[in-house]
Amino acid sequence: MAAITLTGLKKSYGNAHVIKGVDIAIEDGEFCVFVGPSGCGKSTLLRMIAGLEDITDGTLDIGGRVVNDLPPKDRGVAMVFQSYAIFPHMTVRENVAFGLTIAGDDKATKDAKVAEAARILQMEHLLDRRPSQLSGGQRQRVAIGRAIVRKPQVFLFDEPLSNLDAALRMDMRMEIGKLHKALGATMVYVTHDQVEAMTLADKIVVLKDGLVQQIGSPMDLYHNPANEFVAGFLGAPSMNFLEVEVVSANGDKAVVRNAALDPVEVPVRVGSAQPGQRARLGIRPQYLAPTPDTEPGQLHGTVMLTERLGSETVVEVQLRDKTPLIAALTRDAVFALGTPVNLGFDPAMTHLFAD
Amino acid sequence: MATISADNHGLRLATRYAVLVLIAIVFIFPLVFMLMSSLKPDQQLLQDTASLRAFLPVGDVSLRNYTAAFDRAPVALFIFNSVLVTGVTVVLSLLVCSMAAFAFVFIGWKGRDFLLTVILATLIVPFETIAIPLLLIASKLPWIGMDGLTWGWLNSYHVQIVPFIADGLTIFLFVQYFKDLPGELIEAARVEGATWPQIYRRIVMPLAGPVLATAAILKFLAMYNQYLWPLMVVQQEGYRPVMVGLQYFFQQNVAWGEVMAYLSMITVPVLAFYLYLQRAFIASIASTGVKG
């Protein structure tokens with residue numbers, strides 16, 4: 001098993017700087033998820049760890065060894081690809097045993113290791129099939145089987161679930177989580193799906209435009225986002241952002257208001273608020289609730305759309321200043337379209353970005 | 001509605017078959033004509049060309065032309081020479097060109113794009129323009145064979161083989177095919193510890209069935225039909241291939257019946273090779289089973 005340390009890591013293609021100096025420390029045995037929108041550089045970063053992309057600058061250390069110039073096979077990593085990348089001309093057994101065959105293991109050793117991997121992934125009955133006879137989920141198991149059979153120091157996953165349908169994705173997500181617990185190996189997982197990031201990770205690295213936005217545990221990032229990007233990226237539905245005016249400021253507290261929001265005192269999370277300044281107030285949809293008109297610090301608007309999901313009801317509200325707002329309410333909340341609504345929230349749970 | 005669409009379907013099918021039959025006739029009838037003519041004496045052969053009898057085994061039919069052809073030229077030797085030269089060239093060419101294409105597509109190295117451009121540029125150079133310089137070079141090259149070190153390649157099998165092993169078209173075919181293989185398969189193999197030779201042998205070539213069949217057929221036809229080059233470099237009968245052997249039948253009086261018999265015999269290896277590869281081609285597509 002191994003810790004991974006990225007120090008000042010950079011990647012450029014000519015004049016295009018894809019990774020612009022990244023520092024990440026991944027502990028031994030940790031499940032680290034790189035998350036971010038398309039083009040943020042998360043897959044490139046993973047491929048640099050795998051050795052499939054050259055490192056332009058900085059150092060990459062795996063298990064106490066600088067591996068910048070080592071080929072993939074000498075880095076002690078295994079990788080699961082988005083397209084699974086299982087070899088179509090080999091049976092499942094040959095696919096899973098591929099790394100062992102290359103390493104020159106004898107048949108008895110290979111058979112034992114393949115059987116063990118097949119047992120862990122519950123695919124003993126698939127071993128003699130060809131990839132064309134497998135479903136997407138089964139192919140994904142084969143790809144994972146090929147990765148675990150060599151007992152590598154580090155597992156790399158490049159959006160492994162994005163080709164699966166929703167139900168299967170959830171099953172495989174749980175299985176990968178269990179696999180991490182069972183193997184205790186260091187895992188680096190790339191996804192653009194914040195649900196996968198939140199559920200699987202010990203540590204999340206949020207990336208944007210080749211730069212790290214924030215590193216931390218899922219709940220830490222959820223409750224204490226370092227900037228608007230992280231705040232908006234994690235959590236579903238996304239955080240609402242309201243343009244507000246700072247009425248008064250007192251250290252780490254500020255009173256803010258706008259046309260749809262009664263004056264309310266909120267904690268300043270990022271930057272320092274000055275009276276008269278424009279700022280953005282972030283409120284998660286889950287922290288909103290309909291309240292009687294008499295309470296202070298409320299949002300006023302009109303119901304535009306109601307989506308009943310069973311477990312909760314998602315309501316789109318148009319505020320008085322015409323900005324849209326999403327509220328995730330209890331499942332029995334019922335609103336007719338066009339109904340005026342007042343939404344209250346706990347000011348302590350809001351995020352004021354005054355930078 | 002159902003009847004109309006069924007009728008339409010039948011009509012479409014009939015049209016399609018009619019077109020296919022027509023195309024088949026265009027391709028098959030010359031072969032039939034050749035085979036039938038090879039069984040007839042010259043006078044009858046020429047008379048029959050005016051009617052459909054040309055395509056039928058009628059009149060004075062015998063195998064006399066075949067025995068006469070054997071008397072006139074060492075047919076078996078020529079076929080052996082051609083099959084040997086063609087077979088060895090095809091095998092070596094598939095090996096060398098696929099390896100070159102592999103290096104061009106999968107391995108990053110300085111100057112590869114430039115070199116590939118140069119190789120592809122050779123596609124537009126007709127062989128006739130380089131034949132004489134090639135002959136001059138070949139006549140002076142050293143060779144280590146059964147007789148030890150010798151100078152000059154003329155009158156040998158290798159002078160007919162070596163210059164044609166590497167060629168731009170075959171490399172181009174492999175490059176195009178390899179570019180379409182999913183890159184993640186190669187990357188997965190690299191992460192699993194495979195070296196480049198292992199990736200070539202265990203991943204890329206097993207998936208290259210269709211392009212191997214295509215390249216082999218094209219190379220086979222080009223090599224088997226070689227005429228100008230062997231005419232220039234081979235003066236001894238012992239190394240002469242089939243196409244040059246055709247000259248034996250075009251002397252003062254052309255014996256058309258014998259020509260047809262000779263052509264029928266030298267066509268057999270081509271048809272056999274083609275039919276064999278056609279099956280391999282279909283099988284290779286069926287077994288790949290790459291699905292998204």
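Chain naming here is simple, since letters A, B, ... match the order of the sequence lines and numbering starts at 1 in each.
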Most heavy-atom pairs under 4.5 Å with chain B, out of Met79(A), Arg150(A), Met90(A), belong to Arg150(A)

Whatever's closer than 4.5 Å to a heavy atom in chain A on Gln198(B) counts as side chain

Scored by heavy-atom pairs under 4.5 Å with chain A, the best of Gly193(B), Gly183(B), Gly108(B) is Gly193(B)

Heavy atoms of Lys110(A) and Ala97(A) approach each other most closely as CD-CB, 4.1 Å

Check your understanding: With a cut-off of 6.0 Å (strictly less than), are more than 12 heavy atoms of other residues, nucleotides or ligands near NZ of Lys20(A)?
Key -> yes

Could you check whether any side-chain N or O of Asp158(A) sits under 3.5 Å from a backbone N or O of Gln82(A), counting only pairs where one atom can act as donor and the other as acceptor? no

key: Phe172(B)-Phe104(B) aromatic ring centre distance below 6.0 Å   = no

Okay, Arg146(A) and chain B: the region with an atom under 4.5 Å from a heavy atom over there is both

Honestly, the part of Leu156(A) sitting under 4.5 Å from a heavy atom of chain B is neither

**OP:** Tell me whether the guanidinium CZ or amine NZ of Lys11(A) lies under 6.0 angstrom from the six-membered ring centre of Tyr13(A) and within 45° of its axis.
**Re:** yes

